[in-house]
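Just so you know, these numbers use all the heavy atoms, side chains as well, and skip hydrogens, waters and symmetry mates.
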Amino acid sequence: LYYAIACLPENSILPASIQWTGNNPEKGSTLKLLHNGEAMKWIQSGDTTKVFLPPSLVERKEKLPAVAFSFVPARQ
């Protein structure tokens, strides 16, 4: 498994989606939020991965310093 950690701006609430470039998941694989083990909906466009966080988590308006995900890496 690979991991991605997305640092969030200080004192900001959790956004509805997070994206990063590089370190991409294997297409069709499961990407999990380590906070609760829940599988996330995600899309990939070129070298950018966009993850949609669950409304149940976003609606809590928590101020987290970061979120982390686990996934099977894309094959090189």
Side-chain angles (χ1 to χ4, degrees):
L1 287 178
Y2 273 35
Y3 299 91
I5 298 172
C7 295
L8 303 172
E10 190 172 343
N11 294 318
S12 67
I13 60 171
L14 198 59
S17 65
I18 292 176
Q19 65 183 33
W20 65 83
T21 302
N23 194 25
N24 297 314
E26 180 70 30
K27 289 187 181 194
S29 67
T30 301
L31 186 145
K32 290 187 178 183
L33 179 65
L34 294 182
H35 180 78
N36 60 10
E38 186 176 343
M40 300 287 97
K41 178 181 175 192
W42 63 277
I43 59 172
Q44 188 173 345
S45 178
D47 198 31
T48 300
T49 300
K50 184 174 185 177
V51 180
F52 301 94
L53 298 172
S56 60
L57 187 60
V58 174
E59 290 168 0
R60 289 188 206 160
K61 299 187 187 294
E62 289 186 63
K63 295 180 180 179
L64 301 175
V67 289
F69 307 92
S70 66
F71 55 90
V72 173
R75 296 179 195 175
Q76 302 299 333

Enquirer: Roughly how far, to the nearest 0.5 Å, is the CG atom of L64 from the CD1 atom of I13?
Expert: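 Output value for this atom pair is 11.0 Å.
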Enquirer: Measuring from E10:CD to K63:NZ, what's the distance to the nearest 0.5 Å?
Expert: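 It is 10.0 Å, given to the nearest 0.5 Å.
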Enquirer: Show me the side-chain donor-acceptor pairs of residues 28-41 shorter than 3.5 Å, one per line, residues at least two apart or across chains.
Expert:
{"from": "S29", "atom 1": "OG", "to": "E26", "atom 2": "O", "distance (Å)": "2.6"}
{"from": "N36", "atom 1": "OD1", "to": "E38", "atom 2": "N", "distance (Å)": "2.9"}
{"from": "N36", "atom 1": "ND2", "to": "E38", "atom 2": "OE1", "distance (Å)": "3.2"}

Enquirer: On a heavy-atom basis, which atom in A66 and which in C7 lie closest, and how many Å separate them?
Expert: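 Closest heavy-atom pair between A66 and C7: CB-CA, 4.0 Å.
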Enquirer: For the pair W20 (side chain) and G22 (backbone), establish whether a donor and an acceptor sit closer than 3.5 Å, ignoring hydrogens and angles.
Expert: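 The answer is yes, because a donor-acceptor pair under 3.5 Å joins these two groups.
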Enquirer: Taking the side chain as everything from C-beta on, heavy atoms only, tell me whether S70 gets closer than 4.5 Å to Y2.
Expert: no
Enquirer: Rounded to the nearest 0.5 Å, what's the gap from CZ on F69 to CD1 on I18? Could you check?
Expert: 4.5 Å
Enquirer: Measure across A16 and V58 and return the closest heavy-atom pair with its distance rounded to 0.1 Å.
Expert: CA-CG2, 3.9 Å
Enquirer: Quick one, S17 and L53 - any side-chain contact, counting heavy atoms below 4.5 Å?
Expert: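 No, their side chains stay 4.5 Å or more apart.
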Enquirer: Contact between N23 and Y3 at the side-chain level, heavy atoms closer than 4.5 Å - yes or no?
Expert: no
Enquirer: Can you establish whether the number of heavy atoms outside I5 located under 6.0 Å from its atom CD1 is more than 12?
Expert: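 No - once you tally the heavy atoms of other residues, nucleotides and ligands closer than 6.0 Å, there are 12 at most.
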Enquirer: Distance from T48 atom OG1 to Q19 atom CD, nearest 0.5 Å?
Expert: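 CD of Q19 is found 6.0 Å from OG1 of T48.
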Enquirer: Could you tell me whether the side chains of D47 and T21 share a donor-acceptor contact shorter than 3.5 Å?
Expert: no
Enquirer: When you compare the side chain of V51 with that of I43, does any pair of heavy atoms fall below 4.5 Å?
Expert: no
Enquirer: Of all heavy-atom pairs between L8 and P15, which one has the smallest distance, and what is that distance?
Expert: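 Smallest heavy-atom distance, with atoms named: CD2-CD, 4.1 Å.
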Enquirer: Could you give the distance from CG (L57) to CG (L14), rounded to the nearest 0.5 Å?
Expert: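 Spacing of CG (L57) from CG (L14) equals 5.0 Å.
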